Amino acid sequence: MNDRLDFQERVINYVKNIPWGKVSTYGRIARACGMPSAARHVGYVMNRCRDRDDVPCHRVVNRNGYLTGRLHFDTPGTMEERLSGEGIEFDNIGNDMIKVDLDRYLWEADSE
DNA sequence: CGGGTGACTTTAC
DNA sequence: CGTAAAGCCACCC
């Protein structure tokens with residue numbers, strides 16, 4: 001891999017490679033970038049890139065599949081709308097938290 | 001250069 | 001099962 005790139009550059013590159021209709025998790029991305037303990041920073045990088053239309057940050061969810069970052073988008077419904085537009089269904093929990101089925105939508109780069 | 005931050009994760013109760 | 005606290009460490013100011 002390109003060790004020359006910074007951690008956030010790898011995160012951005014990884015997120016950009018997430019296929020349509022799939023999602024990934026912070027922990028997996030961090031581990032894929034060689035920083036398994038830097039899961040928090042993945043979200044941090046997303047926050048910096050949430051204004052970039054070339055980074056599908058809405059396809060990144062937490063370890064449980066919850067859209068924890070939806071409130072950080074321009075509007076609280078942006079993440080939900082985009083994922084819904086990609087054919088992803090949500091698990092209705094009844095609370096404010098929205099969840100996706102990782103067993104169906106999680107993109108595992110290692111299995112390509 | 002040092003401190004504060006946080007879109008996570010794990011462990012403990 | 002649920003909530004609470006601690007650990008984690010790159011990035012920004």
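Quick caveat, the model's predicted, so the values are computed rather than measured. A note on names: the letters A, B, ... follow the listed sequences, proteins ahead of strands, and every chain is numbered from 1.
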TODO: Measure from CG on A:L71 to P on B:dC8 and round the result to the nearest Å.
DONE: 11 Å
Task: Distance, rounded to the nearest Å, where A:H72 contributes NE2 and B:dA7 contributes P - done: 4 Å
- [ ] Please work out whether the ring planes of A:W107 and A:Y14 are parallel, tilted or perpendicular, with thresholds of 30° and 60°.
- [x] tilted
Task: A:H58 and A:E80 side chains, donor-acceptor separation under 3.5 Å - done: no
Open item on the list: Does any part of the side chain of A:K16, heavy atoms only, come nearer than 4.5 Å to the side chain of A:D54, both counted from C-beta?
Closed with: yes
Give every pair of a protein N or O atom and an N or O atom of nucleotides 9-13 of chain B that lie under 3.5 Å apart, one pair per line with the distance.
residue, atom, partner, partner atom, Å
B:dT9, OP1, A:G27, N, 3.3
B:dT9, OP1, A:R63, N, 3.2
B:dT9, OP2, A:R63, N, 2.7

Open item on the list: Keeping A:N62 on the side-chain end and A:N64 on the backbone end, is there a donor-acceptor pair under 3.5 Å?
Closed with: yes
TODO: Kindly indicate, with the supporting measurements, whether the criterion side chain to side chain donor-acceptor pair (under 3.5 Å) is fulfilled by A:R10 and A:N13.
DONE: CA-CA 5 Å; A:R10 299 188 205 177; A:N13 186 42; over 6 Å; no
- [ ] Carefully, step by step, assess A:E86 and A:K22 under the rule salt bridge (Lys or Arg N to Asp or Glu O under 4.0 Å).
- [x] CA-CA 8 Å; A:E86 296 188 357; A:K22 289 287 182 180; over 6 Å; no
Open item on the list: Check whether A:R50 reaches the backbone of A:H72 with its side chain - one donor and one acceptor, N or O, closer than 3.5 Å.
Closed with: yes
Open item on the list: Counting primed atoms plus P, OP1 and OP2 as sugar-phosphate and everything else as base, spell out the protein contacts along nucleotides 3-13 of chain C at 4.0 Å heavy-atom distance: B, S or - for each nucleotide, 5' to 3'.
Closed with: ----BBBBBS-
Task: Heavy-atom check, side chain of A:F73 versus side chain of A:C57, under 4.5 Å - done: yes
Open item on the list: In whole Å, I'd like the distance from the NE2 atom of A:H58 to the P atom of B:dA7.
Closed with: 19 Å
